[in-house]
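Single-structure report; data block below.
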Amino acid sequence: MLAYKKYVKINDPTKIELTDLPFRKGQRVEVVMIAEDDERTARNEKLRALFRKTQSLPQVQAISDDMIAEEVEAYRAGR
């Protein structure tokens with residue numbers, strides 16, 4: 001089974017047009033439509049923005065991989 005994913009924006013809720021599909025004429029396909037959860041998408045974008053902002057802070061830039069490893073080790077050791 002060949003799986004193909006394509007994202008489209010609904011302009012007319014009574015129909016959807018798919019173009020440039022990788023299937024041959026007459027081929028039987030199954031169509032499953034899953035709508036994005038707008039609220040979840042908005043929360044995810046806010047979280048990504050927070051990560052970008054946090055990662056750009058000067059004090060974060062000074063943290064080394066060794067410092068992170070030490071912190072993880074201390075946490076796992078219960079210190």
Side-chain angles (χ1 to χ4, degrees):
M1 177 184 282
L2 172 66
Y4 178 76
K5 182 186 282 191
K6 183 168 189 160
Y7 291 95
V8 297
K9 185 174 242 177
I10 302 296
N11 295 318
D12 179 350
T14 64
K15 65 181 179 181
I16 186 168
E17 182 178 357
L18 301 174
T19 59
D20 302 318
L21 300 174
F23 306 108
R24 65 183 185 278
K25 183 177 180 177
Q27 185 175 6
R28 183 181 157 115
V29 298
E30 177 181 1
V31 178
V32 177
M33 290 183 250
I34 303 170
E36 286 183 342
D37 180 349
D38 292 337
E39 184 178 318
R40 183 177 179 186
T41 301
R43 281 194 317 264
N44 288 344
E45 185 50 43
K46 284 182 180 181
L47 186 58
R48 281 189 208 96
L50 176 62
F51 288 159
R52 284 191 297 271
K53 183 176 181 179
T54 302
Q55 291 169 348
S56 68
L57 294 172
Q59 57 270 40
V60 173
Q61 302 299 316
I63 298 174
S64 69
D65 288 343
D66 290 336
M67 293 168 73
I68 294 170
E70 289 172 14
E71 185 72 24
V72 170
E73 186 178 325
Y75 176 81
R76 289 180 178 163
R79 293 183 254 156

Tracing side-chain links under 4.5 Å among I, L, V, M, F, W and Y, which residues wind up in one group with [X]?
X	answer
F23	L2, Y4, V8, I10, I16, L18, L21, V29, V31, M33
Y7	none
V32	I34

In chain order, what residues pass the side chain to side chain contact (heavy atoms under 4.5 Å, CB included) check against [X], with sequence neighbours excluded?
X	result
T19	K6, E17
R48	N44, E45, R52
D66	S64

Taking only residues two or more places apart in sequence, or in another chain, which ones meet S56 in a side chain to side chain donor-acceptor pair (under 3.5 Å)? none
Applying the 4.5 Å side-chain criterion to the ILVMFWY set and letting contacts propagate, would I68 and V60 be lumped into a single cluster? no
What residue pairs, at least two apart or across chains, pass salt bridge (Lys or Arg N to Asp or Glu O under 4.0 Å) with a residue in residues 29-44? E39-R43
